[in-house]
Amino acid sequence: MFSRVLVANRGEIAVRVIRALHELGVEAVAVYSTADRDAFHVSLADQAVCIGPPAAVESYLVVSNVIAAAETTGCEAVHPGYGFLAENADFVRACDESDLVFIGPPADVVEQMGDKVRAKEAMRAAGVPVVPGSDGVADPADLRRAAGDAGYPVLLKAAAGGGGKGMRLVGSEDELESAHAAASAEAEAAFGDGTVYVEKAISPARHVEIQVLCDGNGNVLTLGERECSIQRRHQKLIEESPSTALDAQTREAMESAVEKASIAIGFRNAGTFEFLVGSDGGFYFIEVNCRLQVEHPVTELVTGIDIVREQVRIAAGETLGSTGRAPRRGHAVEIRINAEDPARGFLPAPGFVSMFVPPLGAGVRVDTGVREGAEIPPFYDSLIAKVVVWDETRPLVIARAIRALTEFEIEGIPTTRDVALDVLGSTEFATGSYSTSTLEGLVGRLPSLAPR
Ligand code: MV4
C-alpha cells in the first residue's frame, strides 16, 4: 500500500477520497487554489499545497502544478476525483512519466474512451449493443445518409464530448445542415475538435449505468446499476439503485456485457458504462466514464463495497476480493444539493453559508465539502452536498429521503433541496415510471418553483 497520496481535487469528492486514504492508513496531500484556502478538504488533509489562483484553468487544471505538488511532497500516487483532470489522458501520461501511480484506468484506455466514436466501435466489436448511428461524419452527404439510415429524430453528438455537451436533436432532414454547423462549432469551441456523429434518438429513454471494478490481474466485479434519468440540462438531480426499469434478466445481460467489454478494452480500476434503456426494455451503450462518479455512494450503500478504497487498493497492485456480480441488498437514493436558485432558472448562487445542519439518523449519509460558516466560491461547480439514503424497500427509502431532506437546514444561499423534495413526493417518482424527459416536464408544475 502507498504511504502518501495526492488528492488532485476539491470539495466533497476531495473530502471523500481523503477519508478513504486515512482509513487505509495512507497520508493525504491536498491541493487548493487561493479561493479554497479555508476549505474543508484542506483542513482534513495531512499537508496541503497551493497550486494557483481561483480560476480552475490556472490551478486545478494545470497538469504541471499538480504533478509538482505530488513530487515535492513525496507522494507515490494521485487520485483525481471526478472532473478537472480525471479523464485527461495527457495528465495520466504525465503521472506515468513522473513515476506517480494514477488511481484510475491506463492512459490509452482513457484516451480511447474519451473519443465517443472509438468507444462505440470498441463496444460493438466486444458484442455490446450500441445505439444505431454513424462514425464521425465530415461532409454533408455523409451526414444526410447517416441520419437517414439511423431514422429521424436523430441526435448529433460531439465525438470529443460526453455528458450531453454539444448535443443537438434533429427532427427532420431540413434541420440537419444548420444543426450540424451549430453542433460542430460548439464542439470545436469546447473541445478543440468539431467532429460530430449521428445517433438515432431513443425516446422515451432511461439513463442507466453499470459500475465496474477491474484489478490488474484480470478480475472483474460488476456492482449493478444506477438509474440517473432525473436530470435537468444534463445535470443529474436524483440517482437510485436498483433501477425500476430493469428486470433481473436485462440487468444480468447488461452486467455480463460490461464484464466482457471491460476485459476486451483492457479496463482497470473503477469505471461506469452508460446505457439508454428504451421503452421496449432494450439497452444500448452510449459512453464509458473512466473515473469515480459523483453518484458512486448509491452503489456503495446497496453493495457495502467502498469503491474509493477499492480504487486505491487496485492501484497499489492488490487483488479484488471477489469477482462476478457483487451481492446487493435493499434500495439507495442520492439527492444532489446544489447552490443554485431554482427561482432564477437554477442560476449558480454562491455565497456565505450561515447555517449548515446536515441530517443524521438511521440509513442516512451526507457527503459534503461544506461546513457552517463556509464561503462557497463562484469559480467551481455548484454541488455542495449529497444526501444518500438506504432502506430495505423503495417506498421506505423514499420516505427516509424525504425525512432526511426535510431535516437539512441550510441558510445563506438558495439550494435545490425543495425541488428534490417535490420530485421525491411526485407520483411519477413514486411509481418509478419516469424517464429522462420527466423532470423538464415536471419543472413547470413543481410547488418549489411557483412564483413567490
Ligand atoms: C441520448 C438520448 C437519447 N438517444 N442518445 C444525455 C447525456 C449523455 N450522456 C447522453 N444523453 C442522452 N443521449 C440517444 N441516442 C438521451 C440522452 C439523455 C437525455 C436527453 C435529453 C434530456 C435529458 C437526458 C437525460 C439523460 C440522457
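In this text, all values refer to a predicted model and were calculated from it rather than measured experimentally. Just so you know, ligand 1 is whichever comes first in the structure, and atom 1 is the first atom listed for that ligand.
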Provide, to 0.1 Å, the distance between [atom] and the closest protein heavy atom, together with that atom's residue and name.
atom: atom 8 (C) of ligand 1; result: G164 N, 3.6 Å
atom: atom 11 (N) of ligand 1; result: M167 SD, 3.9 Å
atom: atom 9 (N) of ligand 1; result: E274 OE1, 3.1 Å
atom: atom 3 (C) of ligand 1; result: I202 O, 3.3 Å

* Is V131 touching ligand 1 with its side chain, its backbone, both, or neither, if touching means heavy atoms under 4.0 Å apart? ->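 The answer is the side chain of V131.
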
* Asked: Heavy atom under 4.0 Å from ligand 1: found in T436's side chain, backbone, both, or neither?
  ->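 Both parts.
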
When only distance counts, is [X] in polar contact with ligand 1, meaning an N/O pair under 3.5 Å?
X: I286; value: no
X: H234; value: no
X: K157; value: yes
X: E199; value: yes

* If you round to the nearest 0.5 Å, how far is CD of E295 from OH of Y82? ->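 Output value for this atom pair is 9.5 Å.
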
* To do: Output the distance between atom SG (C228) and atom NE2 (H234), rounded to the nearest 0.5 Å.
  =>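 If I round to the nearest 0.5 Å, the distance is 13.5 Å.
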
* To do: Output the list of atoms in ligand 1 that are nearer than 4.0 Å to some heavy atom of L155, sorted by atom number.
  =>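 Near L155, the atoms of ligand 1 are 1 (C), 2 (C), 3 (C), 4 (N), 5 (N), 14 (C), 15 (N).
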
* **Distance filter under 4.0 Å to E287 heavy atoms, resulting ligand 1 atoms** =>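 Here the atoms of ligand 1 in question are 9 (N).
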
* Asked: Quick one: does A201 get within less than 4.0 Å of ligand 1, heavy atoms only?
  ->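 A201 counts as a contact of ligand 1 under the 4.0 Å cut-off.
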
* **F84 and Y380 aromatic ring geometry - parallel, tilted or perpendicular at 30°/60° bounds** =>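 Y380 and F84: perpendicular rings.
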
* Ring centroid separation Y60 to Y32 under 6.0 Å ->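 So the answer is no for these two rings.
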
* From atom 1 (C) of ligand 1, work out which of V208, V198, L276 has a heavy atom at the shortest distance. =>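 Selected option, by shortest heavy-atom distance: L276.
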
* So between Q231, H207, K200, whose heavy atom ends up nearest atom 15 (N) of ligand 1? ->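 Nearest heavy atom to atom 15 (N) of ligand 1 lies in K200.
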
* Asked: Per the side chain to side chain contact (heavy atoms under 4.5 Å, CB included) rule, which among L213, N219, V220, N217 passes with T323?
  ->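 Running side chain to side chain contact (heavy atoms under 4.5 Å, CB included) over L213, N219, V220, N217 with T323 returns exactly one hit, N219.
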
* **Given L155, L276, V130, the one that forms side chain to side chain contact (heavy atoms under 4.5 Å, CB included) with I286** =>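 When L155, L276, V130 are each tested with I286, the side chain to side chain contact (heavy atoms under 4.5 Å, CB included) holds only for L276.
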
* To do: Measure from NZ or CZ of R206 to the centre of the six-membered ring of Y434 and say whether it is under 6.0 Å with the direction within 45° of the ring axis.
  =>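 Satisfied, under 6.0 Å and within 45°.
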
* **Over-ring placement of R394 relative to F429, 6.0 Å and 45° cut-offs** =>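 Yes, a cation-pi geometry holds between R394 and F429.
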
* Keeping the roles fixed (side chain from D306, backbone from V308), state whether a donor-acceptor pair exists under 3.5 Å. =>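 Pair found, side chain donor or acceptor close to backbone of V308.
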
